[in-house]
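Heavy-atom basis, side chains included; hydrogens, waters and symmetry copies ignored.
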Amino acid sequence: MSRPQPSRRDFLARTTAAGTGLVIGFHLPGGSGSRGRVGGHGAAAAAATREAALNAFLRIAPDDTVTVLIKHSEMGQGVSTSLPMAVAEELECDWRTVRFEHAPADPAYAHTLFGSQMTGGSTSTWESFDQLRTAGATARAMLVAAAAARWGVAAAECRAQDGVVACGERRARFGELAQEAAGLPVPAAVPLKDPKDWRLLGRATHRLDSPAKITGQAEFGMDVRRPGMLVALVARSPYFGGTLRRFRADRAKAVPGVVDVIRIPSGVAVLAQDFWAARLGRDALETEWDAGSVAGHSTAAQVEEYRKTAQTAGAVAAALGDVDAALAASAQRLEAVYAVPYLAHAAMEPLNCTAELRPGACEIWTGTQFQTHDQAAAAAIAGLQPQQVTVHTTFLGGGFGRRANPASDFVSEAVHLAKASGRPVKVIWTREDDTQGGYYRPLWVSRLRAGLDASGRPAAWAHTIVGQSILAGTPFAAMIQGGIDATSVEGAADSPYLKSIPDHRVDLHSPELPVPVLWWRSVGHSHTAFAVESFVDELAHAAGKDPVALRRELLPADARVRHALDGAAEAFGWGRPLPPGHAAGIAVHESFGSAVAQAAEVSLENGRIRVHRVACAIDCGPVVNPDGVEAQMQSGIVFGLAAALHGEITLREGKVEQSNFHDYPLLRMFEMPRVEVRIVASQQAMGGVGEPGTPPIAPAVANAVFALTGTRLRSLPLRLT
Amino acid sequence: MSQASRKLVLAAAAGLLAFGACAVAERSRPEGHDDFAIVQKVLQHPRCQNCHIPGDAPLQLDDGRVHGQNVVRGAHGMGTPGLGCAACHGQSNPPASYGAHMPPGAPNWRLPPPGQKMVFLGLTAGELCRSLKDPAQNGGRDLEALLHHVSEDALVLWGWDPGHGRVPVDVPHDQFVAAFRRWIEAGAPCPEP
Amino acid sequence: MKLLVNGKEHEVTVPADMPLLWVLRDVLGLTGTKYGCGMAQCGACTVHLDGRALRSCVLPVSAAAGRRITTIEGLDPNGDHPVQRAWAELDVVQCGYCQPGQIMAAAALLSETARPSDADIDAALSANLCRCGTYQRIRAAVHRAAGMTGPGGRP
């Protein structure tokens, strides 16, 4: 998910504010019992070893174990390694002693930019980078001060390294000093290391979550078990916005193991001793639904409607000059319409949440990207204050935006059921529930028009976008300004190409439909990159120019997109001959503060598009964990390829047609191209890496298919027949 | 030449003679040809031909799309190391309570081995007939053994009990076996082409 | 019903039709084996039955009675199977949810094919989905694990 990308100036201002407001960062959240069993570390160890909490982000145990509390959710992107790295670099501890734990929901862990505790927008590492380094540096200063006080020497005579404070000949381990250090005043300002002195940051570092995840010990929300817990499956409306007409529970209640059937706002829940009994019980439940406004809706008709809408002007998101006059005056005009479908996030771990209520307290266990929102939603249902709700963030079996739902759908169900049943309840969504449950990447149509001058250079550019607003109807709706949800036009209204095209306009239609939509890895960029980068490729071919050459002509030499483009072209060997029957395509796109270019080599096998190789280059500024950046590029490419080649959620007669992986296929091992990742060295601002790898791959592949076949595919998924 | 092979050659010759004798009378086809048409209909039903394929990637569903998951025949027709057919296909169909789209099951779920592919897919009646009778392709079976196989083999019988939501072979099994028997009794003639 | 899981015998009272996956997870508390699709499409529930990889979400528990069931928790007593070591060395995991299934499938592959080619790996592991896209590292890690065993050795 994302918000409108903050400007660099915003970011600096905010982080400075966070720096002066360290009292926030150094608040010690109450309720240490909230520390969940995450990654096999946790409260039990904490109690046994009398750990000293030096601030909200780290604790040090007598055995020198440093536990870093991560405020962002580990959903595969590697924050459970990159965030502790930032702390450890300044703390000067021994990296081998570092553990991590998900932080509880607490204002101390609010996102420095967005104000609530959440994970999204590819912001985790850079938004907390200064905060965590400061936390580490401050703790180091306190440990040094404790050692200096113990031995009656000046702190300046002491130095911390590898988990030991040395003052002259004397040595003390962090674990020995932690209790004393915790009692000292927190220093007001502590300088951070010069990046040239970094010993950990910027080096490939093994993931801290690996051991738990390769032995089956890692606890995901799905794995939570509480004494007396029931498992619930919910029968929900097969129509978005549909309402329950009636239900009969007799047969469901007769299923052995079924304990109760309870109506909640989202449907009818069957509560049972285990998943299987709940599943059989739900199958036996009889429900009737009124379809509501989605009745008869089909996505096939929706696309046609959108295509018509795209012929009209929408709310202006970006404009300069007189685009209509410039188009009319062009030597050559081109027009193309692109369409992308609804997409499900399809994380491998289906949605789930466990909730338990006691008088005056509620606990929830779930893999969430949205702690603050979910906490508030749980509190409202339970009739409590948010601080009375303890949120245990487990590992997320994938997030991709689906677990950052302003509607807190899966969390709300669990709390409703815990409240109604008086027992701990784990709500599990089946794969079918997860696939058909909505909150999809919106269906988008883009109409692009351009005029080329006599030299084949684009002189006019008009882009009309049609699709549902993600922010509309959510608590973030106030961010919609002048009819523009910035997440709808990101990557289009701020396309770097526009800087060199004097007359341009980007406008937006935001139709309202009952199909719930949400941020899906790379959000608006997931459709704008496909439209813009396909169209630029069309312009290049129309002008008789090499696709890389035209992009180089349009993108300033000092732009990050240019660094990425050149890096990918070089890594790929752009222009070198390919095997017979193979062809290449390229795309470059900036998102979430980073620029990524990808060149793809494709062929056809039995009429199916086969992607053999992808060369990827990223400029993300300073790199925390290069191995993590590489993994995220591979990951983003696979995610984007699944959408480019397979992904499509369709509605017919108001119902979702797909249900599981047999009809909503993901990319599989045999389809995996060889991916080479090049990190372009850069001193630019630190950007994100979780999402920027996704947008370029669909247009890169579509452009390669055009180079191979002469057929321009303008809809996803890419289909030649 | 083995006894079985000799019998087959004779049967094949009888088939050709029978065809030649009746070729002039188009309206009444040679004895056994109508029966073989029934056999062909069964063998080329998706439940059967999806795994009797010329390549090494089995098909699935009624439209005969390529089996998902990049499944391959493997050295013995049992799938590949790490992904045997039995990884998903059990000894019997999953219980109906499991729902639709479950991998079906039967004892010895497999494809023919790569050396004897026993292809049904895409063959003309004559090609299918000849390959069916060819011991080099049919697992070394003579006609009686073939009849026994289609009458008794659990994996063959699965075609008539394919599990929840799956269309069974549309010729009743007893009619198929009877037709198969009559075709053999008629000398197992092969139609042309 | 008696189940032999990770070398330990368990007496369970469950419906004969209950999928092995849910017996492992909800009855025996072995939650390392994951639910992803419930229809043998994703491989997250892969366990070994008598040493062979199998999808526990579509196997009635009665069909596993009396046979040797191995889950991710029992693959190696110390979590030190060559596949697990290779996975750690190459930082394969991302979200990690599919990885127990991937590891069980890879271990089954290596028990039958000591030195798999890329094609062998693609054939064996294409039935295990990974939404995070760790496929390239899985391929590399399977090769790495194969290299950890002696000539012709079995991991």
Heavy atoms from other residues, nucleotides or ligands near CZ of Arg52(C) exceed 12 (cutoff 6.0 Å): no

field: Which atom of Leu109(C) lies closest to which atom of Pro81(B), heavy atoms considered
entry: CD1-O, 3.3 Å

message: Going by ring-ring contact (aromatic ring centres under 6.0 Å, His included), name the residues that satisfy it together with Trp183(B), two or more places apart in sequence or in a different chain.
response: Phe36(B), Phe180(B)

- request: Pick whichever of Gly74(B), Gly82(B), Gly84(B), Gly90(B) has the most heavy-atom pairs under 4.5 Å with chain C.
  value: Gly82(B)

- request: Heavy-atom pairs under 4.5 Å with chain B are the metric here; pick the option from Leu54(C), Leu59(C), Leu49(C) that has the most.
  value: Leu54(C)

message: So if I take each residue of residues 119-141 of chain C and look for any heavy atom under 4.5 Å from a heavy atom in chain B, which residues do I end up with?
response: Asp122(C), Ala123(C), Ala124(C), Ser126(C), Ala127(C)

message: Within residues 35-47 of chain C, which residues come under 4.5 Å of chain B, heavy atom to heavy atom?
response: Gly38(C), Met39(C), Ala40(C), Gln41(C)

- prompt: Residues of residues 2-30 of chain C under 4.5 Å from chain B (heavy atom pairs)?
  reply: Asp17(C), Met18(C), Pro19(C)

task: Using the side-chain contact (heavy atoms from CB on, under 4.5 Å) rule, pick out the option among Pro95(B), Ser97(B), Ser92(B) that qualifies with Pro60(C).
output: Pro95(B)

- prompt: Taking atom CZ of Arg182(B) as the centre, does the number of heavy atoms from other residues, nucleotides or ligands within less than 6.0 Å exceed 12?
  reply: yes

